[in-house]
Amino acid sequence: MEHNPVNPAPERLSLDRVLRMVWPFARPERVRFLVVLACTLIGTALALAQPYLTKVLIDRGILAADFTVVWVTAGILVATALGSALLGLFNRWIYVDLSARILFALRGSVFAHVLTLS
């Protein structure tokens with residue numbers, strides 16, 4: 001590949017450099033970052049509980065013909081599914097708000113810099 005002095009290849013940014021540039025805009029939003037992380041971890045735990053609850057439903061409820069276990073486990077499964085869906089909705093709402101705030105701050109910084117140029 002030939003070297004073109006008029007249009008040189010753009011410098012590649014390292015992840016470390018990108019994080020250092022973005023961190024001042026993300027720092028004020030660290031509480032929201034923690035909320036998103038907590039919602040993600042809780043949502044993952046709820047998703048991992050469903051196969052175990054299904055096992056309990058089949059082994060201790062249906063196969064053992066214990067319909068109390070069937071109703072209780074089915075109720076827990078439905079509550080887990082609804083809770084997971086609501087938590088996912090809340091997590092997406094917080095995540096979109098968080099990313100919009102950071103993007104707005106980045107755009108404001110770029111615009112302020114452009115206004116200082118001649």
Side-chain angles (χ1 to χ4, degrees):
M1 181 174 212
E2 293 180 29
H3 176 67
N4 185 351
V6 176
N7 189 10
E11 178 186 339
R12 292 190 61 96
L13 293 175
S14 68
L15 179 61
D16 182 51
R17 184 168 177 211
V18 171
L19 289 176
R20 276 189 276 120
M21 290 185 328
V22 173
W23 180 245
F25 303 100
R27 185 181 321 136
E29 307 298 335
R30 59 184 173 261
V31 172
R32 283 185 177 81
F33 273 118
L34 292 176
V35 170
V36 168
L37 178 64
C39 287
T40 301
L41 292 175
I42 294 168
T44 301
L46 289 174
L48 290 173
Q50 289 180 353
Y52 176 74
L53 291 170
T54 303
K55 175 192 174 299
V56 170
L57 175 70
I58 293 169
D59 292 346
R60 295 184 190 166
I62 296 173
L63 294 179
D66 187 349
F67 292 105
T68 303
V69 172
V70 170
W71 285 108
V72 169
T73 308
I76 293 171
L77 275 167
V78 169
T80 303
L82 287 174
S84 180
L86 290 174
L87 187 65
L89 181 67
F90 177 71
N91 192 23
R92 280 187 290 278
W93 177 63
I94 292 291
Y95 178 78
V96 167
D97 180 59
L98 170 68
S99 60
R101 287 172 181 266
I102 293 172
L103 187 58
F104 184 76
L106 282 164
R107 287 180 176 166
S109 175
V110 170
F111 185 68
H113 175 70
V114 167
L115 289 178
T116 64
L117 301 177
S118 60

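The figures here come from the full heavy-atom set of this structure, side chains too, leaving out hydrogens, waters and symmetry mates.
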Heavy-atom nearest pair, S99 first then V96, reads OG-O, 3.0 Å
For a quick test of reading the model, state the closest non-hydrogen atom pair linking P51 to A47 and the distance between them. CD-O, 3.3 Å
Within this structure, what is the [atom1]-[atom2] distance for the pair [X] and [Y], rounded to the nearest 0.5 Å?
X: I42; Y: L37; atom1: CD1; atom2: CG; value: 9.5 Å
X: F90; Y: Y95; atom1: CZ; atom2: OH; value: 15.5 Å
X: L77; Y: L53; atom1: CG; atom2: CG; value: 4.5 Å
X: E29; Y: I94; atom1: CD; atom2: CD1; value: 10.5 Å
X: H113; Y: L115; atom1: NE2; atom2: CG; value: 10.0 Å
X: T73; Y: I62; atom1: OG1; atom2: CD1; value: 9.5 Å

Walk me through whether I102 and F33 qualify under side chain to side chain contact (heavy atoms under 4.5 Å, CB included). CA-CA 11 Å; I102 293 172; F33 273 118; 3.8 Å; yes
Going by heavy atoms in the side chains, are [X] and [Y] under 4.5 Å from each other?
X: W71; Y: D66; answer: no
X: L57; Y: V69; answer: no
X: W93; Y: L89; answer: no

I76, V56: one ILVMFWY side-chain cluster at the under-4.5 Å cut-off? no
Salt bridge check: are D97 and R32 linked by an N-O gap of less than 4.0 Å?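 Here D97 pairs with R32 in a salt bridge, since their nearest N and O are under 4.0 Å apart.
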Under 3.5 Å, is there a donor-acceptor pair between the side chain of T54 and the main chain of Q50? yes
Keeping S109 on the side-chain end and L106 on the backbone end, is there a donor-acceptor pair under 3.5 Å? no
Would you say F25 has more than 12 foreign heavy atoms packed within less than 6.0 Å of its CZ? yes
